[in-house]
Amino acid sequence: MVDMAPILFTIPIYFRERMRIEPGTPLAYEEFESGVGKRVKINFKPKQPFLFGNKNQDVYQVSANGQITIPRHVLAYLGIQNKDEIDIELYANDLSLIRGHLFQFEDIIVAKRNDFFTNNRLDLLIVRFHQESDEEHESTLFVDNSTFLALRHLYFKIKSKFDPNSSNPWVNVPEDREAGLKGISIHYSTKPEAVIIQKSIFEFLPNAVAHLCRERIPFTIHESKITYEMDNLQRVEEIPVSSRIIAALFQRHGHEVGDYVSDNGSMVTTVKLQTNDLVVIEQRDSVVVRFWPCDRISKIFS
C-alpha cells in the first residue's frame, strides 16, 4: 500500500449547488462499510473540536473553490493509491467518498484472475455465476453469487458515469495512462447472464499502429505497409503483420455499424471502436484498412 500524502479534492459543482455547500463549510469524515464496500461519509455538521468530549475528531473546511482536504487515514481506509482513484457519490442522502467503481471492478477481476490485465494472450474474459471452481487461464471465469452481483452492480455504476445516455448493453472505458487505466469494454449479457470484459485493441496492435491510434492520426494499411501524414509529409512504413490480421483485430474489438458494396464492387465494412473512432475495411484482392479518428470525422461533416 502506497503511503499517500493528503490530497485536495474538488466537490463537483452540482453536488455543491444541490446540497448548498458554501466556502468555509466545516466538515468531518466518518468511515463505515456498506453492502457494496468501504465508504467515508462527509459530515457537514460536525461537532466542534474540544466540545462535548469530541477531542479526537478532525474538522476541515470547504475552500473558496469547492476543494476539501482528504487526509492520509481516509486514503488508507479506502485503499487509494493514486489521486485519480478517489470518487464521490450520494449515499443515503449524504455525500460519501469511495474508491472509484472502475477501480473496485478491476480489483475483483485481479483478485480472481490476477493475470488478466497483464496477459496479452487473453483479450476477453466472460464472468459467470457458477458453483464449479474456476479454472485459471481460461477465458471464462466462474465466481460465486455475491461476487457476480457485486460486478453487476459496479457495471451499472460505471455505465452511468461513462455512458449514461446510451441504451446499449455495454460501456466503453477510455484509456487513461496517467491514471493507470487501460481501455476496456464491459458488456452485460442477460441470456445467459454474464459480465464480459474486453481489452482495448491498442494492447494488441503493432506499436507503430497503436501509436497512430493513440495520437489520433489517420492512416491506411494495405498488405504490410502503413501510410499516414505527419508534418505535412506522407510517410510509408513496413509493419510486422498483414492488413488482413489488423482488420480482424479491429473487427474483434469493435462494433460493426454497417456494410455496403463500393462502386468497384468491393465489400466495405465500417467498425466503431471503444474510442468512437471509425475503421473502414475494404475487401479487395487484398484487404485495405483505413482509420478515421472521431474528431476528424466530426470536422468533415460539420
Review point. Has the side chain of Lys199 got a donor or acceptor atom that lies under 3.5 Å from a matching backbone atom of Phe116?
Key: yes
Check your understanding: Glu193 and Arg128: which non-hydrogen atoms are nearest, and at how many Å?
Key -> O-CG, 3.8 Å
Practice item. Please examine the side chains of Val241 and Val209, heavy atoms only from C-beta on, and report whether any two atoms are closer than 4.5 Å. Key: no
Review point. Taking a hydrophobic cluster as the set of Ile, Leu, Val, Met, Phe, Trp and Tyr residues connected by side-chain heavy atoms closer than 4.5 Å, whether directly or through intermediates, do Ile246 and Leu273 fall within one such cluster?
Key: yes
Practice item. Could you tell me whether a side-chain N or O of Asp231 sits under 3.5 Å from a main-chain N or O of Leu233, the two making a donor and an acceptor? Key: no
Review point. How far does NZ of Lys225 sit from CD1 of Ile239, to the nearest 0.5 angstrom?
Key: 11.5 Å
Review point. To the nearest 0.5 Å, what is the distance between CZ (Phe129) and CG (Leu149)?
Key: 8.5 Å
Check your understanding: Mind checking what makes salt bridge (charged side-chain N to carboxylate O under 4.0 Å, His left out) contact with Arg252, not counting sequence neighbours?
Key -> Asp123
Practice item. Report the relative orientation of the aromatic rings in Tyr29 and Tyr60; use parallel for angles under 30°, tilted for 30 to 60°, perpendicular for over 60°. Key: tilted
Review point. Is there a donor-acceptor pair under 3.5 Å between the side chain of Asn43 and the backbone N or O of Leu27?
Key: no
**Study point:** Single-linkage hydrophobic cluster Ile158~Tyr91, side-chain heavy atoms < 4.5 angstrom
**Key:** no
Check your understanding: Any link between Leu151 and Val110 through a network of hydrophobic side chains (Ile, Leu, Val, Met, Phe, Trp, Tyr) touching at under 4.5 Å?
Key -> yes
Study note, to complete from the structure: Exactly one of Val40, Ile68, Ile21 clears side-chain contact (heavy atoms from CB on, under 4.5 Å) with Leu95, and that residue is Ile21
Review point. For Phe219, which of Trp292, Tyr228, Phe291 qualifies under ring-ring contact (aromatic ring centres under 6.0 Å, His included)?
Key: Phe291
Check your understanding: Looking at Ser189 and His187, what are the two nearest heavy atoms and their distance?
Key -> N-CD2, 3.8 Å
Check your understanding: Once you round to the nearest 0.5 Å, how far does OG of Ser286 lie from NE2 of His222?
Key -> 2.5 Å
Point to revise | For Asp285, salt bridge (charged side-chain N to carboxylate O under 4.0 Å, His left out) partners two or more places apart | key: none
Practice item. Heavy atoms only: give me the nearest Ser266-Gln283 pair and the separation to one decimal. Key: CB-O, 3.5 Å
Check your understanding: CD/Gln198 to CD1/Ile126 distance, rounded to the nearest 0.5 angstrom?
Key -> 9.5 Å
Review point. Does Phe32 have Lys41 sitting over its ring (NZ/CZ under 6.0 Å from centre, angle to axis within 45°)?
Key: no
**Study point:** Flag side-chain contact, heavy atom, 4.5 Å: Thr25 against Met19
**Key:** no
Study note, to complete from the structure: Separation between CD1 (Ile186) and CG (Asp163), nearest 0.5 Å, reads 11.5 Å
Exercise for review: Indicate if Val271 and Val261 have the same hydrophobic cluster label, given that clusters are the connected sets of ILVMFWY residues with side-chain heavy-atom separations under 4.5 angstrom.
Suggested key: no
Exercise for review: Kindly work out whether a path of hydrophobic side-chain contacts (I/L/V/M/F/W/Y, heavy atoms less than 4.5 Å apart) joins Ile80 to Leu8.
Suggested key: no
Review point. Side chains of Glu238 and Ser224: donor-acceptor distance under 3.5 Å anywhere?
Key: yes
Study note, to complete from the structure: Looking only at heavy atoms, the pair that brings Phe9 and Ile86 closest together is CD1-CG2, 3.4 Å
Point to revise | Nearest-0.5 Å distance that lies between atom CG in Asn172 and atom CD1 in Ile184 | key: 9.5 Å
Practice item. Could you pull out the closest heavy-atom pair between Ile217 and Pro293, with the gap in Å? Key: N-CG, 4.0 Å
Check your understanding: Once the angle between the rings of Tyr155 and Tyr188 is folded into 0 to 90°, is it parallel (under 30°), tilted (30 to 60°) or perpendicular (over 60°)?
Key -> tilted
Review point. At their closest point, which heavy atom of Cys213 faces which heavy atom of Leu205, and how far apart are they?
Key: SG-CD1, 4.0 Å
For a quick test of your reading: what N or O donor-acceptor pairs under 3.5 Å do the side chains of residues 98-105 make, sequence neighbours left out?
residue, atom, partner, partner atom, Å
Arg99, NE, Gly79, O, 3.3
Arg99, NE, Glu85, OE1, 2.9
Arg99, NH1, Phe103, O, 3.4
Arg99, NH1, Asp107, OD1, 3.2
Arg99, NH1, Asp107, OD2, 2.0
Arg99, NH2, Glu85, OE1, 3.2
His101, NE2, Glu89, OE1, 3.4
Gln104, NE2, Arg99, O, 2.5

